[in-house]
Student: 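My questions all concern the structure below.
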Amino acid sequence: MTGKPERRLVVFSGSGISADSGLDTFRTSGGESLWAQYDPEVVCNFECWEENFSLVHEFYSRRREELGKAAPNRAHFLAVEWEKRYNAELITQNVDDLFERAGARYVMHVHGFLTAMRCTSCGAQWLFGYRRFAPEADRCPRCGRLESVKPNVVFFNEPAPRYAEMWRSLESLTEDDVLIAIGTSGLVLPIGQIARRCPATTILSNLESAVSPRDDDFDHVVHGHAAEIAPKLDKLVADLMRR
Ligand SMILES: [Zn+2]
């Protein structure tokens with residue numbers, strides 16, 4: 001025993017990791033996508049969600065149904081394997097539960113959790129599952145209000161209470177540690193900038209090169225679909241963790 005602290009591995013993921021499970025993302029183009037049928041500025045906006053209560057719940061009911069039919073893919077299972085092997089910290093911008101269904105012990109969901117509800121009036125939070133929202137049956141279990149029952153997902157213009165915990169984790173990384181960004185566009189959280197400033201060894205795994213984050217913000221880059229690149233990524237992480 002050297003007394004040195006354990007080398008940390010932080011896995012920071014975005015919607016790209018769940019796209020391979022068939023879940024729609026904001027960035028998906030094409031008229032078939034669920035997102036294309038709704039305006040995110042309307043159904044994911046904290047400033048006007050109450051005015052659009054039915055539409056908001058219709059949209060999130062459909063997303064929960066879609067999630068109920070999806071399954072974790074190889075990238076989720078790989079991250080969970082790293083959690084077991086290296087005690088990896090899983091931070092995700094995703095609101096789906098695919099890491100949990102792949103067996104994760106703990107996932108920091110910085111943008112909330114699709115299969116839960118929150119009451120904006122009394123603060124109650126509860127697990128909801130994959131079913132549709134039914135107004136008369138789904139009042140707040142604590143205060144009984146209906147109009148304050150909101151999907152427990154962080155909307156635009158809404159504070160993200162888990163960001164403090166996320167920044168603590170990212171900003172405490174040292175040169176001994178490894179930070180890997182998987183399937184994240186860098187549009188909501190500036191992961192490219194974060195990686196550039198971070199003293200840890202950084203890895204980007206995205207489908208392809210993009211404007212944000214840029215490949216040269218990272219020490220290592222592995223592009224491709226999760227199923228194809230999983231072995232390569234796993235080997236890279238293993239090499240870095242055993243230095
Ligand atoms: Zn309540």
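Residue indices begin at 1 and follow the sequence shown. Indexing begins at 1, ligand by ligand and atom by atom, following the structure's order.
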Student: So, taking the atom named CG in Leu78 and the one named CD1 in Ile182, what distance separates them when rounded to the nearest 0.5 Å?
Tutor: 6.5 Å
Student: Could you please tell me which protein N, O or S atoms lie under 2.8 Å from the Zn ion (ligand 1)?
Tutor: Cys119 SG, Cys122 SG, Cys140 SG, Cys143 SG
Student: Do you see a donor-acceptor pair shorter than 3.5 Å between the side chains of Asp97 and Tyr130?
Tutor: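 The answer is yes; a qualifying pair exists.
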Student: Heavy atoms, side chains only, cut-off 4.5 Å: are Val95 and Arg63 in contact?
Tutor: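 They are in contact (side-chain heavy atoms under 4.5 Å apart), so the answer is yes.
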Student: Give the ring-plane orientation class for Phe59 versus Tyr38, where under 30° counts as parallel, over 60° as perpendicular and anything between as tilted.
Tutor: tilted
Student: Only pairs under 3.5 Å count here: list side-chain donor-acceptor contacts from residues 190-204, not counting sequence neighbours, and write none if there are none.
Tutor:
from   : atom 1 : to     : atom 2 : distance (Å)
Arg196 : NH1    : Asp217 : OD1    : 2.5
Thr201 : OG1    : Arg243 : NH1    : 3.4
Thr202 : OG1    : Asp219 : N      : 3.0
Thr202 : OG1    : Asp219 : OD2    : 3.2

Student: Do His76 and Glu100 meet the criterion of a side-chain donor-acceptor pair at a distance under 3.5 Å?
Tutor: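 Note: His76 and Glu100 side chains miss the donor-acceptor criterion.
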